[in-house]
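Here is how names work: the chains are called A, B, and so on, in the same order as the sequence lines, proteins then strands, and each is numbered from 1.
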2 protein chains.
Amino acid sequence: MATDTKTALLNSAERAARTRGFDGFSYADLSADVGIRKASIHHHFPTKAALSVALMERYYDDLKAVCDQIDVSHKTGGARLTALIDRYRSALEGGKSLCLCVSFSTSRESLPEEVIAQIGRFREMIIAWTETVFAAGQTDGSIAHVANPAVEAAAALPLLEGAQLAARVEENPALFDSAVQILTQRL
Amino acid sequence: MATDTKTALLNSAERAARTRGFDGFSYADLSADVGIRKASIHHHFPTKAALSVALMERYYDDLKAVCDQIDVSHKTGGARLTALIDRYRSALEGGKSLCLCVSFSTSRESLPEEVIAQIGRFREMIIAWTETVFAAGQTDGSIAHVANPAVEAAAALPLLEGAQLAARVEENPALFDSAVQILTQRL
DNA sequence: GTCTATATGTGGATAGAC
DNA sequence: GTCTATCCACATATAGAC
């Protein structure tokens with residue numbers, strides 16, 4: 001069964017946004033990629049703003065599921081933190097891509113207010129979850145010198161995002177590894 | 001004495017790039033801001049790509065001078081790190097602005113290769129300087145638990161940049177403070 | 001060095017037939 | 001739900017007069 005057109009559009013748009021930025025792709029690009037005419041895309045997403053909202057909504061749900069899955073498959077705080085770092089590392093795709101949240105954060109002025117609010121909720125969700133990870137690592141001893149899980153969590157997400165941005169600018173994933181070594185050396 | 005036209009254009013473009021992104025301003029905006037016609041801008045900067053190179057070149061020199069000045073006016077590693085954090089904090093301008101390096105990093109696909117190379121050199125310069133700061137803080141005891149200055153420096157810049165990006169998305173400078181608390185609590 | 005006028009391309013979006 | 005055809009706004013850039 002082929003993916004339906006709407007999902008195909010979301011997939012194409014997400015890949016495009018993550019590699020070229022929200023301003024870096026047009027309905028013409030999606031049209032060529034998915035194989036329908038520009039005008040037809042407006043039937044599924046009346047405006048590009050509506051498309052951005054749908055993308056961010058799906059991304060929130062995806063990452064929420066990822067965090068839940070990590071909790072299931074990894075038991076120590078250290079293992080969970082490693083899984084999160086790995087997730088951000090692999091989203092780099094060799095230095096050619098960012099996670100959707102960073103990509104959208106960098107296109108602020110082109111996005112509707114609704115997406116800005118979604119980004120806020122997304123960040124809160126990830127940081128809250130990361131705090132539980134550091135708290136677990138503090139308790140089970142799998143993350144060294146955790147003084148304050150809330151402070152650690154507030155720093156971890158910006159660090160992962162800044163590391164992605166740096167690695168992507170120079171298309172060099174080693175810059176990501178170098179930036180997050182401050183975390184991985186404690187595991 | 002009025003600033004010459006070329007400098008006025010650079011100033012206007014830098015402010016615009018930092019608040020709205022490189023794709024977020026046009027020659028029409030500069031024209032309105034500086035008070036000359038669009039076509040006249042091409043006399044000073046033939047292409048927008050050439051303008052971006054000039055902006056990044058000036059920014060490199062500015063930050064180099066800032067680091068040198070910090071070395072002169074602050075003696076301990078801790079005081080120097082505080083000064084760097086303050087610099088990135090104030091570049092936020094209440095959550096409405098980014099430093100030029102982060103802004104350009106987020107507009108990668110619109111920039112010429114020369115600017116990408118300039119960003120690489122800029123980042124190397126800042127990270128090398130930051131390493132000397134952490135090394136000083138380790139020696140003079142003004143920064144707590146420094147195990148490896150190189151690892152600290154490789155993380156500090158992405159953290160500052162990620163913190164700026166987060167604070168700017170929600171136009172909330174408190175998010176910057178929250179993210180860098182992992183550093184400031186050690187001072 | 002600055003101007004008017006214009007070229008040329010591309011963006012998102014709409015109307016209306018099928 | 002998809003199409004053709006078209007609109008309108010705006011972008012960067014150029015030609016040539018003053």
Side-chain angles (χ1 to χ4, degrees), chain A residues 1-57 100 103-104 106-116, chain B residues 1-56 103-104 106-116:
Chain A
M1 168 193 144
T3 55
D4 62 293
T5 304
K6 194 160 187 166
T7 303
L9 286 168
L10 284 171
N11 292 344
S12 177
E14 181 174 331
R15 184 185 338 274
R18 288 179 43 201
T19 55
R20 306 196 297 276
F22 185 70
D23 298 316
F25 76 94
S26 68
Y27 273 31
D29 297 321
L30 300 184
S31 166
D33 193 28
V34 172
I36 63 173
R37 294 278 149 179
K38 271 201 310 175
S40 309
I41 302 175
H42 288 276
H43 171 77
H44 300 281
F45 302 103
T47 64
K48 206 182 173 187
L51 171 59
S52 70
V53 171
L55 281 174
M56 197 62 211
E57 188 178 328
L100 194 66
S103 171
F104 272 12
T106 69
S107 310
R108 191 189 196 288
E109 71 279 358
S110 308
L111 296 166
E113 277 306 309
E114 170 62 17
V115 168
I116 305 302
Chain B
M1 167 196 145
T3 54
D4 63 292
T5 304
K6 193 160 188 167
T7 303
L9 286 168
L10 284 171
N11 293 343
S12 178
E14 180 173 333
R15 186 186 338 274
R18 287 180 43 202
T19 55
R20 307 195 297 276
F22 186 70
D23 298 316
F25 76 94
S26 67
Y27 274 31
D29 297 322
L30 300 183
S31 166
D33 192 29
V34 171
I36 63 172
R37 293 280 152 177
K38 275 197 305 174
S40 309
I41 303 176
H42 288 276
H43 172 75
H44 301 280
F45 302 103
T47 64
K48 206 182 172 187
L51 172 59
S52 69
V53 171
L55 281 173
M56 197 62 211
S103 171
F104 272 13
T106 69
S107 309
R108 192 188 196 288
E109 71 279 359
S110 308
L111 296 166
E113 276 305 310
E114 170 62 16
V115 169
I116 305 302

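Protein atom CZ of F25(B) is 12 Å distant from nucleotide atom C1' of dT12(D), rounded to whole Å. Straight-line distance from the CG atom of L111(A) to the P atom of dG12(C): 13 Å, rounded to whole Å. A straight line from CZ of R20(B) to C1' of dA11(D) spans 14 Å, rounded to a whole angstrom. Atom OH of Y27(B) and atom P of dA11(D) are 13 Å apart (whole Å). For R37(B) and dA13(D), the CZ to C1' distance is 17 Å, given to the nearest whole Å. With rounding to whole Å, L30(B) atom CG is found 15 Å from dC10(D) atom C1'.
With dG11(C), dT12(D), dT4(C) as the choices, the nucleotide that has an atom nearest any side-chain atom of K38(B) turns out to be dT12(D). Here the nucleotide nearest the side chain of A39(B), chosen from dT2(C), dT4(C), dT12(D), is dT4(C).
A distance-only check finds no donor-acceptor pair linking the side chain of S12(B) to the backbone of L30(B) [under 3.5 Å]. Judged by distance alone, with hydrogens and angles left aside, the side-chain atoms of Y27(B) form no donor-acceptor pair with the main-chain N or O of R37(B) at under 3.5 Å. Under a 3.5 Å cut-off, the side chain of S107(A) and the backbone N or O of D23(A) do not form any donor-acceptor pair.
The side chain to side chain contact (heavy atoms under 4.5 Å, CB included) test applied to P112(A) returns A49(A), S52(A), V53(A), V115(A), not counting sequence neighbours. Legend: residues meeting salt bridge (Lys or Arg N to Asp or Glu O under 4.0 Å) with D29(B), ordered by chain and number and at least two apart, are R20(B).
Using a 4.0 Å cutoff on non-hydrogen atoms, the parts of residues 40-55 of chain B near DNA chain C are S40(B), H43(B), H44(B), ordered by number.
Considering only heavy atoms from C-beta on, T19(A) stays 4.5 Å or farther from F25(A) through its side chain.
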